[in-house]
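Chain naming here is simple, since letters A, B, ... match the order of the sequence lines and numbering starts at 1 in each.
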Number of protein chains: 2
Amino acid sequence: MRIEDEIKQPVFKDEYQKGYINLIYTAGWLQQRQAAAFREFDITLPQFNVLRILRGQHPKPATVNLLIERMLDKTSNASRIVDKLEAKALVTRTVCPSNRRAVDIRITEAGLGLLQTMDATVLSRQQSIHALTPDEVTQLNALLDKIRD
Amino acid sequence: MRIEDEIKQPVFKDEYQKGYINLIYTAGWLQQRQAAAFREFDITLPQFNVLRILRGQHPKPATVNLLIERMLDKTSNASRIVDKLEAKALVTRTVCPSNRRAVDIRITEAGLGLLQTMDATVLSRQQSIHALTPDEVTQLNALLDKIRD
DNA sequence: CCACATTAAATGTATGTACATATATTTGCA
DNA sequence: TGCAAATATATGTACATACATTTAATGTGG
């Protein structure tokens, strides 16, 4: 659907303003579809992202700092997201022996199992972007990178 | 900066996965820049968006329902955002005379004044998207619309 | 006319975000 | 050595989001 119709704003000042709004709207649209898929697994999108980072490290531990570095939203509060995952026994938290300020965070077997169950679902929710041809995705990536230059 | 470097994930499964992450990351990047600009005006991004919708209606009132229809994030809680704006005397809330379930929300003179002050700042924060040529923005809009088809 | 569904908004609760601050540990250097 | 700065994480507070529930007003079919 055209962005004009989705937010019932018939006129944009120019194509740039439309691009700006379209970009933010589309990202939100994609994220909401993912969040909906996550609900049945009783997990949120940031929690899922943290779990995936931990799987990437497994069996090595990660620290909170490493999570922050890798997360899409750098300013989020990794510590409290780990709290929630720990409460669900999807990760463990132990004081790092070599640096007692830091905390070693590890994904548990339960966490790995959950991710495996979810992989198919999550990937299918990312399918919307496959509406683009390979050339178009490459174009999109170039345009987005240029915006952030 | 390339998205690979920004989130320190050197390899993506394919260009589609990269596109997905790039889209969400770039939207967040843009929104954080805007939020930073808003801070000095003691207003948040959703509050600003609601104010702009109200200015669009002015001098007609809007209802909470109309705000929800027009907001970029449809699921957000318009009622509580209006609470905050009302507390700052940027909007007024009166029971709609023709339908006492509904609430007429109007932007105040103070609200209009704030928006006018902010317009320049906000626009300058949207400048990043002007890194694109007119043709490129048009391409971007077409690609985003295609994703949401 | 009235019970019942529908509609509009507000509220409750859990989670996440943004920013400042606190606590504990480690490091560096006078 | 000892003490200040830096580092790693946690916590406090305000705001927003997501979803369910509640409250009040309106519409509707029997």
Contact summary for B:Gln31 and B:Leu45, nearest pair of heavy atoms: O-CD1, 3.8 Å
For C:dA10, does either OP1 or OP2 sit under 4.0 Å from a side-chain N or O belonging to B:Arg93? yes
B:Asn65 has a side chain; which of C:dA8, D:dT26, C:dT11 sits nearest to it? C:dA8
Atom-to-atom span, CD1 of B:Ile68 to P of C:dA8 - whole angstrom: 10 Å
Donor-acceptor pair, distance only, cut-off 3.5 Å: does the side chain of A:Tyr16 make one with the backbone of B:Leu132? yes
Look at the side chain of A:Arg101 and the base of D:dT9, then say whether one donor and one acceptor between them are separated by less than 3.5 Å. no
Just call it for A:Asn77: base, sugar-phosphate, or nothing, with non-hydrogen atoms closer than 4.0 Å on any strand. base
Between CG of A:Leu66 and P of D:dA8 the distance, given in whole Å, is 11 Å
So if I take every side-chain heavy atom of B:Arg100 and compare against D:dT26, D:dG12, C:dT11, which nucleotide ends up nearest? D:dT26
Between C:dA9, D:dT9, C:dG16, which nucleotide gets closest to the side-chain atoms of B:Val64? C:dA9
How close or far is atom C1' of D:dA25 from atom CG of B:Asp104, stated in whole angstroms? 15 Å
If you round to the nearest 0.5 Å, how far is OG1 of A:Thr26 from CD1 of B:Ile147? 6.5 Å
So do the side chains of B:Lys146 and A:Thr133 get within less than 4.5 Å of each other, counting heavy atoms only? yes
Using a 4.0 Å heavy-atom cut-off across all strands, classify A:Leu45 as base, sugar-phosphate, or nothing. nothing
Distance check needed: C:dT15 C1' versus A:Phe38 CZ, whole Å only. 15 Å
Taking the side chain of B:Thr44 as heavy atoms from C-beta outward, which of D:dT26, C:dG16, D:dA16 is closest to it? D:dA16
Upstream residue (5' side of DNA chain D) when A:Ala35 and B:Ile43 are each assigned their closest nucleotide: B:Ile43
For atom CD of A:Gln31 and atom P of D:dT17, their distance in whole Å: 12 Å
How long is the line joining CD1 of A:Ile81 and P of C:dA14, in whole Å? 18 Å
Pick base, sugar-phosphate or nothing for A:Asp83, based on heavy-atom distances below 4.0 Å to the nucleic acid. nothing
Are any of the side-chain heavy atoms of B:Arg106 and B:Arg93 separated by less than 4.5 Å? no
Candidates C:dT11, C:dA9, D:dA16 - which lies nearest the side chain of B:Thr63: C:dA9
A:Arg80 has an atom CZ; how far is it from atom P of C:dT17, in whole Å? 10 Å
Please answer whether the main-chain N or O of B:Asp42 pairs with a side-chain N or O of B:Lys88 as donor and acceptor at a distance below 3.5 Å. yes
Rounded to the nearest angstrom, tell me the gap between atom CG in B:Asn49 and atom P in D:dC15. 17 Å
Walking DNA chain C from its 5' end, the first of A:Gln47 and B:Ser79 to be reached, judged by nearest nucleotide, is B:Ser79
On DNA chain D, more 5' by nearest nucleotide between A:Ala102 and A:Gln32 is A:Ala102
